[in-house]
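These notes concern the structure reproduced below.
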Amino acid sequence: MDSSASEFLQPASVVDSDHPEVQAFARRHGRGETPREQAVALYYAVRDGFRYDPYAIDVSAEGLRASSVLRLGHGWCVTKAALLAAGCRALGIPAKVGFADVRNHLSTERMRRTMQTDVFYWHGYTAILLDGAWVKATPAFNIELCERFRLKPLEFDGREDSIYHPYDLAGNRHMEYLAFRGEHLDVPWQEMRADFERLYPTLPRLDQASFEADVAAENTR
């Protein structure tokens, strides 16, 4: 492993791979004979073990930390990507956190109204070094949410990039990648927070609502 890759084994402020609970989570779930098998196992543990909740967004270092996902039991794309990266590093697998701007065609009515846009800036994913190549993994949407929203679940085999599908199971537009922001050792949370405050000034109001209830209501209409 070259020095540039070994950098992405180090713990960071948000990707706190040295946290005892993160290390225990990685050992418990990252089982396999090879790093690829371990990373795949961790991916599914993060994807399905923690429900996706974009209403509960705390863009502070503490709110974004990988260990906070374990404490809360839920997360959103950035925090779940941070947990997957931290878990991989805890097992000696280099990992980064990556970001992209996406157009989301299937958010809830409340979220679209609050954000006043269908563009999600700073969408988070994980990049993992496996068999000499960096592979993208997106553990955001848990399987139950995919079933309710009629989305094709994102699978990950450690060989091919796992990024959002452009269409849902009914053929409707789902996700459109507009720009990639790069991949980092840690979440650049101060820059992210400044952008969120500027672009989504009413986003904190979502804390008073239930994402799961809104999803359930919209899918029974």
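Not measured: the values here are computed from a predicted model.
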Exercise for review: Over 60° means perpendicular and under 30° means parallel, so classify the ring planes of Phe99 and Trp122, tilted if in between.
Suggested key: perpendicular

Point to revise | Polar contact flag, side-chain donor to acceptor under 3.5 angstrom, Tyr43-Glu155 | key: no

Point to revise | Minimum heavy-atom distance Gln23-Asp18, with the two atoms named | key: NE2-CA, 3.5 Å

Check your understanding: Would you say the side chains of Ser13 and Arg65 form a donor-acceptor pair under 3.5 Å?
Key -> yes

Point to revise | Side-chain heavy atoms of Arg110 within contact of Tyr55, under 4.5 Å | key: yes

Check your understanding: Of all heavy-atom pairs between Lys80 and Arg51, which one has the smallest distance, and what is that distance?
Key -> NZ-C, 4.4 Å

Review point. How long is the span from the CD atom in Gln116 to the CG atom in Leu199, to the nearest 0.5 Å?
Key: 11.5 Å

Check your understanding: How many angstroms lie between CG in Leu83 and CZ in Arg47, if you round to the nearest 0.5 Å?
Key -> 14.5 Å

Review point. Given Met115 and Leu203, is the side-chain contact (heavy atoms from CB on, under 4.5 Å) satisfied, shown in steps?
Key: CA-CA 6 Å; Met115 295 174 61; Leu203 192 61; 3.9 Å; yes

Check your understanding: Less than 4.5 Å apart, any side-chain heavy atom of His123 and any of Thr138?
Key -> yes

Exercise for review: Establish whether Ile163 and Leu130 are linked, either directly or via other cluster members, by ILVMFWY side-chain heavy-atom contacts under 4.5 Å.
Suggested key: yes

Review point. Mind checking whether Tyr164 and Phe141 have parallel, tilted or perpendicular rings, split at 30° and 60°?
Key: tilted

Check your understanding: Tell me, do Leu84 and Ile128 make a side-chain contact under 4.5 Å, heavy atoms counted?
Key -> yes

Practice item. Would you give the length of the straight line joining atom CG of Asn142 to atom CG of Leu154, rounded to the nearest 0.5 angstrom? Key: 11.5 Å

Point to revise | Neighbour count >12 (heavy atoms, 6.0 Å) for atom CD, Glu160 | key: no

Exercise for review: List the steps, then state whether ring pair (Phe, Tyr, Trp, His ring centres under 6.0 Å) holds for Tyr125 with Tyr177.
Suggested key: CA-CA 12 Å; Tyr125 64 90; Tyr177 284 81; 7.8 Å; no

Point to revise | Pairwise side-chain contact, Val69 with Phe50, heavy-atom cut-off 4.5 Å (strictly under) | key: yes

Point to revise | Steps toward side-chain contact (heavy atoms from CB on, under 4.5 Å) verdict (Val15, Leu185) | key: CA-CA 8 Å; Val15 185; Leu185 174 69; over 6 Å; no

Practice item. Would you mind reporting whether Arg198 and Tyr121 have side-chain heavy atoms less than 4.5 Å apart? Key: no

Review point. Is any side-chain N of the basic residue among Arg112 and Asp118 closer than 4.0 Å to the acidic one's carboxylate O?
Key: no

**Study point:** Residue pair Leu64 / Val187: nearest heavy atoms and the distance that separates them
**Key:** CD1-CG1, 4.1 Å

Practice item. Nearest 0.5 Å please: distance from the NZ atom of Lys96 over to the OG1 atom of Thr126. Key: 12.0 Å

Exercise for review: Indicate yes or no: does Glu21 engage Arg71 in a salt bridge with an N to O separation below 4.0 Å.
Suggested key: no

Study note, to complete from the structure: Scanning both residues in full, the closest heavy-atom pair of Ala82 with Val97 reads CA-CG1, 3.9 Å

Practice item. Would you please classify the geometry between the Phe8 ring and the Trp134 ring as parallel, tilted or perpendicular, with 30° and 60° separating the classes? Key: perpendicular

Study note, to complete from the structure: Sorted by chain and number, sequence neighbours left out, salt bridge (charged side-chain N to carboxylate O under 4.0 Å, His left out) with Glu144 holds for none

**Study point:** Side-chain (Asp161) to main-chain (Lys136) donor-acceptor, under 3.5 angstrom
**Key:** yes

Point to revise | Straight-line distance of Arg103 CZ to Met175 CE, nearest 0.5 Å | key: 12.0 Å

Review point. Rounded to the nearest 0.5 Å, how far does CZ of Arg28 lie from CG of Leu42?
Key: 10.5 Å

Check your understanding: When clusters are formed by joining ILVMFWY residues with side-chain heavy atoms under 4.5 Å apart, either directly or through shared neighbours, do Ile143 and Val46 land in the same one?
Key -> no

Review point. Going hydrophobic residue to hydrophobic residue with side-chain gaps under 4.5 angstrom, can you get from Trp189 over to Tyr200?
Key: yes

Revision key, fill the gap. Here the pair of heavy atoms bringing Ser17 nearest to Pro11 is OG-CA, 3.2 Å

Practice item. Taking the side chain as every heavy atom from C-beta outward, state whether Met111 and Phe120 have any atom pair closer than 4.5 Å. Key: yes

Check your understanding: Any side-chain heavy-atom pair from Pro188 and Arg181 closer than 4.5 angstrom?
Key -> no

**Study point:** Exam field: side chain Asp16 to backbone Ser67, donor-acceptor pair closer than 3.5 Å
**Key:** yes

Review point. So, do Thr79 and Ser68 sit near enough that their side-chain heavy atoms are less than 4.5 Å apart?
Key: no

Point to revise | Closest non-hydrogen atom pair, Ala56 against Trp76 | key: O-CD1, 4.1 Å

Review point. Do Phe211 and Leu72 share a hydrophobic cluster, counting only Ile, Leu, Val, Met, Phe, Trp and Tyr and linking them when any side-chain heavy atoms are less than 4.5 Å apart?
Key: no

